[in-house]
2 protein chains.
Amino acid sequence: MGSSDNEWRRGRGYHHGNLRQVLLDAAGKLIEQHGPLGFSLAEAARLAGVSPAAPYRHFRDRDALLSEVARTGFERFAAQLETAWDNGRPTPLQAIENLGRAYLNFARNEPAAYAVMFQTVGENGKELQDMPAADHAFNVLQKATAELCKALPAAERPPSRLVSLHIWALAHGVATLLSESRGERRKVPVSPEEVLESGMLIYLKGLGVLGEGPAGGAGPA
Amino acid sequence: MGSSDNEWRRGRGYHHGNLRQVLLDAAGKLIEQHGPLGFSLAEAARLAGVSPAAPYRHFRDRDALLSEVARTGFERFAAQLETAWDNGRPTPLQAIENLGRAYLNFARNEPAAYAVMFQTVGENGKELQDMPAADHAFNVLQKATAELCKALPAAERPPSRLVSLHIWALAHGVATLLSESRGERRKVPVSPEEVLESGMLIYLKGLGVLGEGPAGGAGPA
DNA sequence: GATCCCATGTGAACGGCTTTTACTTGAACC
DNA sequence: GGTTCAAGTAAAAGCCGTTCACATGGGATC
């Protein structure tokens, strides 16, 4: 709340200030609290102190607002993945593990955005795929796997797109199945990070990208 | 009454017949059509030819009906996985590939159930985990990975629960990210089955379970 | 500085949804 | 035949999304 300067009116001279952004923030809070299904446009409006019809001056409908939440989410997601990858430094292996951790961190820190990105949007195949921000995020992963695959002799080098799909699927699966709200946590007293990292290590060993470091990633003792 | 024992009236002497099951079927159809969010109890009742209040004689509320859809879905899921695994025949490797295909087949053939199982249920961490049927499905996977891991020297054998989580996450990720309604399909002209199978092969090779068969699972040409 | 314009917000309304309440019905049992 | 109780109905309250006509006031124009 520290924005004591006149941020609340910077966009242009609105009536409310910058209702558009306020609604997006309110949506984030509500989705975090009640899940992306429990989100209601009316409640967001109430939380922003405007009438239920006001949001329609800024978003075509409820789905459009949710789409925007997803879009900005993908942008932050891509940026964080890119930062974590850091152009493969210090080493591609270390970097891709950082990338995996960044993936899970995003899913944990922004559950609302993550849920909307991969759940609400594209619910019944409506209108998700034309989202350049999502492509950007995936491209970071693809860039990383391509760099990794360069260490392989071309003969046994699988298409790097396939490799990035494997890693994406693994990361998404871990993030989804072991998210904090899910019950598997009790029976699986292991952190998502541990699961993803060990899984990636085994996978990368199978790929041939891995001298022979921590064999299996779960060596006992 | 001549106990003609007609099926449409078998449960007990209902008014409608077997409304409970009819509602569950209607829910399945509607969820397939409009996605699990677009499902409406009222529409299901209309489709079953009863008043909007009738479902409340059979389900506590909307979520209870959805939970039941998820529960029966998990039962079929577990059964199909078990059949595919077939106690590790003909060979554990072949069997676990069958299991992967069965996973994707279920997600494709019963998108409504799959979506509800992993999406609607447990939306905001409400009440999903006490679902024995879900445990049963996971146990099939765990049994399979345990069998697989037996081929490994105990020294480098990771906890089989961890291995089953890896495979589950990979399968779930592939099923989710590459489902037919998703747009990635265009850019990734490769079937989910191919992605999952190649991913599993690479992973299993990394595990050490894999003589040296199809290296990488994506040998060019 | 007065005036006009149009983006932005309001209020009221429609239809649909979920859920509860009081009621009706009719099959099963004695 | 009469009673009972599960199963269905009707009506209503309260929420939501969405649309419409209308109000308002900040900024551009003269």
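Throughout, protein chains are lettered first and strands after them, A, B, ... in sequence-line order, and every chain is numbered starting at 1. Not measured: the values here are computed from a predicted model.
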Query raised in the report: Going through the distances and angles, do A:F118 and A:F74 end up as a ring-ring contact (aromatic ring centres under 6.0 Å, His included)?
Result: CA-CA 10 Å; A:F118 289 100; A:F74 270 119; 5.7 Å; yes
Query - Rounded interatomic separation in angstrom, taking CG from A:L66 and P from D:dT18 - result: 11 Å
Query raised in the report: Is there a donor-acceptor pair under 3.5 Å between the side chain of A:T145 and the backbone N or O of A:S160?
Result: yes
Requested in this report: Could you check how far OH of B:Y56 sits from P of D:dA10, rounded to whole Å?
Outcome: 17 Å
Report task. With the side chain counted from C-beta on, respond yes when A:L104 and A:V174 share a heavy-atom pair under 4.5 Å apart, and no when they do not. Result -> yes
Query raised in the report: So, B:S67 versus B:R71: side-chain donor-acceptor pair below 3.5 Å or not?
Result: no
Report task. Using heavy atoms to find the nearest nucleotide of DNA chain D for B:P52 and A:L41 separately, return the residue whose nucleotide is more 5′. Result -> B:P52
Requested in this report: Starting from P on D:dC16, measure out to CG on A:L30 and report it in whole angstrom.
Outcome: 10 Å
Query - Flag side-chain contact, heavy atom, 4.5 Å: A:M117 against A:M131 - result: no
Report task. Starting from C1' on C:dT8, measure out to CG on A:L19 and report it in whole angstrom. Result -> 9 Å
Query raised in the report: What is the distance, rounded to the nearest whole Å, between atom CZ of A:R20 and atom P of C:dG9?
Result: 12 Å
**Report entry** Of residues 42-51 of chain A, the positions that come close to DNA chain D - non-hydrogen atoms, cut-off under 4.0 Å
**Finding:** A:A42, A:R46
Query raised in the report: Could you give the NE2-to-C1' distance, from B:H34 to C:dG16, as a whole number of Å?
Result: 14 Å
Report task. To the nearest Å, give me how far apart CZ (B:F59) and P (C:dT20) are. Result -> 15 Å
Query raised in the report: Under the side-chain contact (heavy atoms from CB on, under 4.5 Å) test, which residues partner B:A53, sequence neighbours left out?
Result: B:S51
**Report entry** Gap between atoms CZ and C1', on A:R62 and C:dC17 respectively (whole Å)
**Finding:** 13 Å
Query raised in the report: Starting at the 5' end of DNA chain D, which residue's closest nucleotide do you reach first, A:F39 or A:R57?
Result: A:F39
Requested in this report: Over 60° means perpendicular and under 30° means parallel, so classify the ring planes of B:Y114 and B:F77, tilted if in between.
Outcome: perpendicular
Query raised in the report: Can you check whether A:H58 has a side-chain N or O nearer than 4.0 Å to OP1 or OP2 of C:dG9?
Result: yes
Report summary line: With the side chain defined as heavy atoms from C-beta on, B:A53 is closest, among C:dT20, D:dG17, C:dT8, to C:dT20
